[in-house]
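This report refers to the structure that appears directly beneath it.
Residue numbers begin at 1 in each chain, while the letters A, B, ... track the order of the sequences.
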There are 2 protein chains.
Amino acid sequence: MTHVDHQAIDAAEPEARAGDARAEAFQGVRAARRNELAEDYVELIAELIHTQGEARPVDIATKMGVTAPTVAKTLDRLARDGLITRAKYRSVFLTEEGRALAKECRHRHEIVLRFLIRLGLDPETAEHDAEGIEHHVSERTLALFAAFANRS
Amino acid sequence: MTHVDHQAIDAAEPEARAGDARAEAFQGVRAARRNELAEDYVELIAELIHTQGEARPVDIATKMGVTAPTVAKTLDRLARDGLITRAKYRSVFLTEEGRALAKECRHRHEIVLRFLIRLGLDPETAEHDAEGIEHHVSERTLALFAAFANRS
DNA sequence: GCTAAAAGTTAGACGAAGCTAACAATCTGC
DNA sequence: GCAGATTGTTAGCTTCGTCTAACTTTTAGC
Ligand SMILES: [Mn+2]
Ligand SMILES: [Mn+2]
Ligand SMILES: [Mn+2]
Ligand SMILES: [Mn+2]
């Protein structure tokens, strides 16, 4: 467990062709990028289920700022990847795996957000930046962020 | 200038459909994502020109950890977007605009890296994480990172 | 219980970013 | 200055993530 992996879903991009340390870093970033969308979706779905009782595609679309067909296609991919289950014209459910990923993402998001605020950032900007940064923070960095956020 | 924009190249994704603050954050992240690759390329090209005297596609491919055809196609896009110039079978040059972007990216990369190391991260991991985080750091956050990195 | 609005789906387009296979140009070492 | 190695290009395939347009199903209000 070196870089950002978070029990990644992967399968794509033939690794190995490493050699260069730089190349490895870029490959790690590309791997993280492939999971970003899934992470944001399951995190949002968990939140909707918690606050609204259910996760409807229309609400996902609104919160994500995309159109309904985009959500539909993305949900199909998440289902294919075993993170959610869904039935036609019904709202969405997380699988065990999806729930685990959501929890992990929520946790990471929370730490990055608190860290940025602790650093002195306004909550608005902190929320924006955390939404992007959270996917590129290794376990080590996360631990340091948490320590900083919790320091008295 | 709210979130990550760094004089972004954009043009895609019809904004406006905001309303929700969350949606705006996600749209910002997607916008940042669209510039990531261009940023990494121009930064690397600038570095190669500086250290090797020229930026050859084969070296870009090695450092980025991708194949030569992938580099070729990406370079075509960068040329289309006015960041580089290139001639068949020759190495790559940055335009004025590309040079400006490279400088900005280098600067951002440097600050994020120094910040992470200052936080207590090992240089290895710091380099990996910085490569991903740099694209999702707003001006405000960058300023705080710089201040933290430079504090006595 | 109809009907109109809301929500969801399907089809199809498009660009980005990756790959492999095959070919072409350039460089290098003798 | 030629041959073989290296580098670069082209063609074509794939998946992802976005969109619009058109259609279907469900829900809600009367
Ligand atoms: Mn996010
Ligand atoms: Mn998040
Ligand atoms: Mn980078
Ligand atoms: Mn960089």
Can you check the B/D81 CG to C/dA17 P distance for me, whole Å? 9 Å
Mind calculating the distance between CE (B/M64) and P (C/dA17) to the nearest angstrom? 10 Å
How close or far is atom C1' of C/dG15 from atom CZ of B/R33, stated in whole angstroms? 16 Å
Start with the C-alpha gap between B/E47 and A/R22, add the side-chain angles, then the distance that decides, and say whether salt bridge (Lys or Arg N to Asp or Glu O under 4.0 Å) holds. CA-CA 13 Å; B/E47 184 194 309; A/R22 183 81 71 90; 2.7 Å; yes
Is it possible for you to check whether A/R151 lies under 6.0 Å from the centre of the six-membered ring of A/F148, through NZ or CZ, and within 45° of that ring's axis? yes
Answer yes or no: does a side-chain N or O of B/T70 lie under 4.0 Å from OP1 or OP2 of C/dA17? no
In whole angstrom, what separates A/D59's CG from C/dG8's P? 8 Å
For B/R86 and D/dT9, is the shortest distance between a side-chain N/O and OP1 or OP2 below 4.0 Å? yes
Using a cut-off of strictly less than 4.0 Å, decide whether B/R34 has a side-chain nitrogen or oxygen near OP1 or OP2 of C/dA16. no
Could you state the atom-to-atom distance from CZ of A/R56 to C1' of D/dT27 in whole Å? 10 Å
Passing option when A/H135 is tested against A/E39, A/R33, A/R108 for side chain to side chain donor-acceptor pair (under 3.5 Å): A/E39
Would one find a side-chain N or O of A/R77 under 4.0 angstrom from OP1 or OP2 of D/dG17? yes
Can you tell me the distance, in whole Å, between the CG atom of A/N35 and the P atom of D/dC16? 12 Å
Can you list the residues that meet the side chain to side chain contact (heavy atoms under 4.5 Å, CB included) rule with B/R86, with sequence neighbours excluded? B/A72, B/L75, B/D76, B/I84
Test side chain to side chain donor-acceptor pair (under 3.5 Å) applied to B/E43 and B/H107, step by step: CA-CA 10 Å; B/E43 193 186 347; B/H107 179 241; over 6 Å; no
State whether a side-chain donor-acceptor pair under 3.5 Å links A/R114 with A/N150. yes
For D/dC16, does either OP1 or OP2 sit under 4.0 Å from a side-chain N or O belonging to A/R80? yes
Can you tell me if the side-chain N/O atoms of B/R30 get under 4.0 Å from OP1 or OP2 in C/dA16? no
Tell me whether the OP1 or OP2 atom of D/dG17 has a side-chain N or O from A/T74 closer than 4.0 Å. no
Tell me: CD of B/Q27 to C1' of D/dT18, nearest whole Å? 12 Å
Where each residue is assigned the nucleotide of DNA chain C containing its nearest heavy atom, which of B/Y41 and A/R90 is assigned the position nearer the 5′ end? A/R90
Residue pairs meeting salt bridge (charged side-chain N to carboxylate O under 4.0 Å, His left out), one or both in residues 48-68 of chain A, sequence neighbours left out, come to A/R56-A/D59, A/K63-B/D20
Might you list the N or O atoms of the protein lying below 3.5 Å from N or O atoms in nucleotides 10-13 of chain D, with each pair's distance?
from: D/dT10; atom 1: OP1; to: B/K88; atom 2: NZ; distance (Å): 2.8
from: D/dG12; atom 1: O6; to: B/K73; atom 2: NZ; distance (Å): 3.1

Write down the distance between OH (A/Y89) and P (D/dT24), rounded to a whole number of angstrom. 9 Å
